[in-house]
Amino acid sequence: MNNDRKKTDRNGMQCLTFDEFGRRYPEIFGRYASRLLEEDARDGLSDNVYDRRPSFRADFTLPDTADRKVLYFPRAWKNDTVLSFEISRSQRMLIVLEKQAAVNLNFRFVPTTETARVCEIFLDPDSSLEISEQHPDTPFSVTNTVFVQQGTASRFQNTVVSLGGKALNRHKVVQTGSGAESHLYGITIAGGSDRVEHHTVMQHKIPHGNSFEHYKTVATGNAVVDFFGQIYVAPDAQQIEAYQQNNNILLSDTVQVTAKPQLEIYADDVKCSHGATFGQLDENALYYMRQRGILPIQAQKLLTGGFVTDLTGKISDRKLREEVFQELTERINRL
Amino acid sequence: MLEVKNLHAEVDGEEILKGINLTVRAGEVHAIMGPNGSGKSTFASVLAGKDKYTVTQGEVRFNGKNLLEMPIEQRAWEGLFLGFQYPVEIPGVSMANFLKEAIGEQRKYKGLPALSSAEFLKMMKEKSKIVEIGSNLTSRSVNEGFSGGEKKRNEIFQMAMLDPILSVLDETDSGLDIDALRIVATGVTHLKTAQNATIVITHYQRLLDYIVPDYVHVLYKGRIIHSAGKELALELEKRGYDWLIKDYDDE
């Protein structure tokens, strides 16, 4: 079982409940906790212009029984191996990286009930955080909301791997320091009556930042998969590069896949692009594989697996990457 | 091993093959030449079983069995290999997984036990030498980022791994510089045995300097209009196709 208390280590990394952390470090706790939630509530920037309603509002009404956890990484702290956490029920999380900390986290959702998760992340200058999220195919609905604030020259990478179920994933990243880099990646395999929505908000408030978003979906059956990618570049945020790509493979006639890029660019010396593709598997590739003696159904599986490997490749830990790819392969086989 | 009788095939209602007859025996190399648009690639595709084409008449027997009745992958298991004119890039699928799957199915069909990972890797290393492809090929995606010449060499590498009894090489020499041509041709010759056969579809004579054919056929407007020995290739190189096809142009 997961004993998070053991994760607090000699080098100063803290893994404590809100209460404990607040008791020991009230000043730090006060500086961070709920800050991003409050800012988001005030921030009209992520309003959904398509539906004319505020779209990115976290569900703050978590049950009292929800876990409330703080992960605090002191200056220059580094992982030797990925730190994994299991999320089995509703949770509030606060993650803080001090300067030059370099952290690799993995969150594995294993819901035992309807789960709402809200996570606030602060990256001090020069810090780096990589997160991989594993979302299973489960009957319990999951709402996963992550807010990230990035300081100068910080790096944030999130890869969300969704195997279906009923899920809403919202990732909002705000660059408040210059020279920051943000990477948002997502893989969704959906079939049956799965409903998965990915909503990203990428805000460049300061010049000289980069962001890269790439979400891919393979959907069949009666699945409904939405990607809503908002990018905002403030008027003074010059020299920004912001890229968004969404690729979708549709394997049935009844699937519903939507891509909604929404770019609001107010600075004029920037490079921004977005793209979305919808298609089926490459007929020529299928023919080529069959001519070598590969069965059509197997060719389809190989191609589908091949479609996602560039994104699984973003997971830097080899063992984890292979585990994720295995899970994806199994899910693809079940489609 | 291959008997093609009066083969007619069409695409989108237009007839491309208008009655092809051809017999290929074990140990033979047949060259099929002809001007562009004659139906050379169509013939290769129809043998492979590409869905795009409909056979309207005729029959093809391969190893005594009805080839046209078999799905694409079964023709491969029976020992038919097509060297593609435009090999397909398959991003994200490694050469190793691709070939392991292919060979696995073939062996299953033949009732042979599966190859162990070690045996398979050994085989890949061995065969990659035949076309001078680095053995770090295993983890690369199929044809991804390969130059034209590398793609063609990769076709011959796959041929070496799959060990077919009939290889149909469709314009294998197109887009190749002289070095790549030499490697491809040497590879093909290296794989030749008394039990297998090759059909080389080519527009130019130069490949046939290396892969010496037993028979040369000229395909024009969907029919084989002339067949002879290897000297025919040289003659076509010198004189072009005009002298042969002019009698057929009125059709």
Side-chain angles (χ1 to χ4, degrees), chain A residues 159 161 185-189 214-218 245 247-249 251 275 277 279-315 318 321-322 324-333 335, chain B residues 44-53 70-110 139-144 151 154-155 157-159 161-164 167-168 170:
Chain A
T159 306
V161 179
Y185 302 119
I187 303 170
T188 306
I189 314 286
H214 200 166
Y215 276 68
K216 287 189 170 183
T217 299
V218 179
Q245 185 73 347
N247 308 116
N248 304 282
I249 289 188
L251 297 178
T277 65
Q280 286 145 315
L281 296 171
D282 182 356
E283 285 297 323
N284 285 325
L286 287 170
Y287 169 53
Y288 190 66
M289 292 169 100
R290 287 182 73 189
Q291 204 296 304
R292 298 312 191 234
I294 297 175
L295 287 165
I297 200 86
Q298 200 48 37
Q300 180 171 304
K301 287 178 185 166
L302 277 172
L303 274 183
T304 311
F307 176 61
V308 301
T309 48
D310 59 342
L311 294 185
T312 55
K314 304 292 184 190
I315 297 172
R318 190 185 56 87
R321 181 168 66 235
E322 280 167 15
V324 166
F325 190 72
Q326 234 341 85
E327 280 183 5
L328 280 166
T329 308
E330 272 163 21
R331 182 69 185 94
I332 287 167
N333 286 344
L335 272 181
Chain B
S45 299
V46 170
L47 288 179
K50 195 167 184 182
D51 294 333
K52 186 175 160 192
Y53 300 98
M70 299 180 202
I72 298 172
E73 55 278 5
Q74 192 183 351
R75 303 185 195 197
W77 303 332
E78 283 286 334
L80 178 70
F81 176 86
L82 174 64
F84 280 59
Q85 185 176 2
Y86 303 108
V88 186
E89 291 190 21
I90 314 184
V93 179
S94 71
M95 275 306 295
N97 283 343
F98 174 67
L99 282 173
K100 201 154 191 214
E101 193 62 41
I103 291 174
E105 288 301 318
Q106 203 193 69
R107 290 177 75 92
K108 214 191 286 181
Y109 186 74
K110 292 179 179 165
S139 47
R140 292 189 66 182
S141 294
V142 181
N143 292 325
E144 191 178 34
K151 282 181 181 162
N154 195 27
E155 291 298 282
F157 168 64
Q158 291 172 49
M159 189 176 143
M161 291 289 288
L162 292 164
D163 195 24
S167 302
V168 180
D170 187 5

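Lettering of chains follows the sequences in order, A, B, ..., and the numbering in each one begins at 1. Not measured: the values here are computed from a predicted model.
Counting only heavy atoms from C-beta outward, the side chains of A:Leu281 and A:Leu251 approach each other to under 4.5 Å. In this structure, A:Met289 and B:Val142 have side chains that are not in contact, with every pair of non-hydrogen atoms separated by 4.5 Å or more. Using a 4.5 Å heavy-atom cutoff, the side chains of A:Ile187 and A:Leu328 are in contact.
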Would B:Phe98 and A:Ile294 satisfy side chain to side chain contact (heavy atoms under 4.5 Å, CB included), going step by step from the backbone distance to the final call? CA-CA 8 Å; B:Phe98 174 67; A:Ile294 297 175; 3.8 Å; yes
Please test A:Val324 against A:Thr159 for side chain to side chain contact (heavy atoms under 4.5 Å, CB included), starting from the C-alpha separation and ending with a verdict. CA-CA 11 Å; A:Val324 166; A:Thr159 306; over 6 Å; no
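For B:Pro87, the parts sitting under 4.5 Å from any heavy atom of chain A are the backbone and the side chain alike. Contact of B:Ile72 with chain A is made through backbone and side chain together, with heavy-atom distances under 4.5 Å. The contact between B:Leu82 and chain A is made by backbone and side chain atoms together, counting heavy-atom distances below 4.5 Å.
In this view, A:Phe307 satisfies the ring pair (Phe, Tyr, Trp, His ring centres under 6.0 Å) rule with no residue, not counting sequence neighbours.
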Geometric donor-acceptor pairs, no angle filter, chain A-chain B, under 3.5 Å:
| unit_1 | atom_1 | unit_2 | atom_2 | d |
| --- | --- | --- | --- | --- |
| A:Tyr288 | OH | B:Asn143 | ND2 | 3.2 |
| A:Tyr288 | OH | B:Glu155 | OE2 | 2.4 |
| A:Tyr288 | OH | B:Gln158 | NE2 | 3.0 |
| A:Arg290 | NE | B:Glu73 | OE1 | 2.7 |
| A:Arg290 | NH2 | B:Glu73 | OE1 | 3.0 |
| A:Gln291 | OE1 | B:Leu82 | N | 3.0 |
| A:Gln291 | NE2 | B:Leu80 | O | 3.1 |
| A:Arg292 | NE | B:Gln158 | OE1 | 2.6 |
| A:Arg292 | NH1 | B:Leu82 | O | 2.7 |
| A:Arg292 | NH2 | B:Glu155 | OE1 | 2.7 |
| A:Arg292 | NH2 | B:Glu155 | OE2 | 3.3 |
| A:Arg292 | NH2 | B:Gln158 | OE1 | 3.3 |
| A:Gly293 | O | B:Trp77 | NE1 | 2.8 |

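Of the inter-residue distances, the one linking A:Leu286 atom CG with B:Ile90 atom CD1 reads 8.5 Å to the nearest 0.5 angstrom.
Nearest heavy-atom pair across B:Ala44 and B:Val168 is CB-CG1, 3.9 Å.
Interface summary for chain A: among B:Pro91, B:Gly104, B:Gly92, B:Ala76, the most heavy-atom pairs under 4.5 angstrom belong to B:Gly92. For the set A:Pro296, A:Gly305, A:Ala299, the entry with the most heavy-atom pairs within less than 4.5 Å of chain B is A:Pro296.
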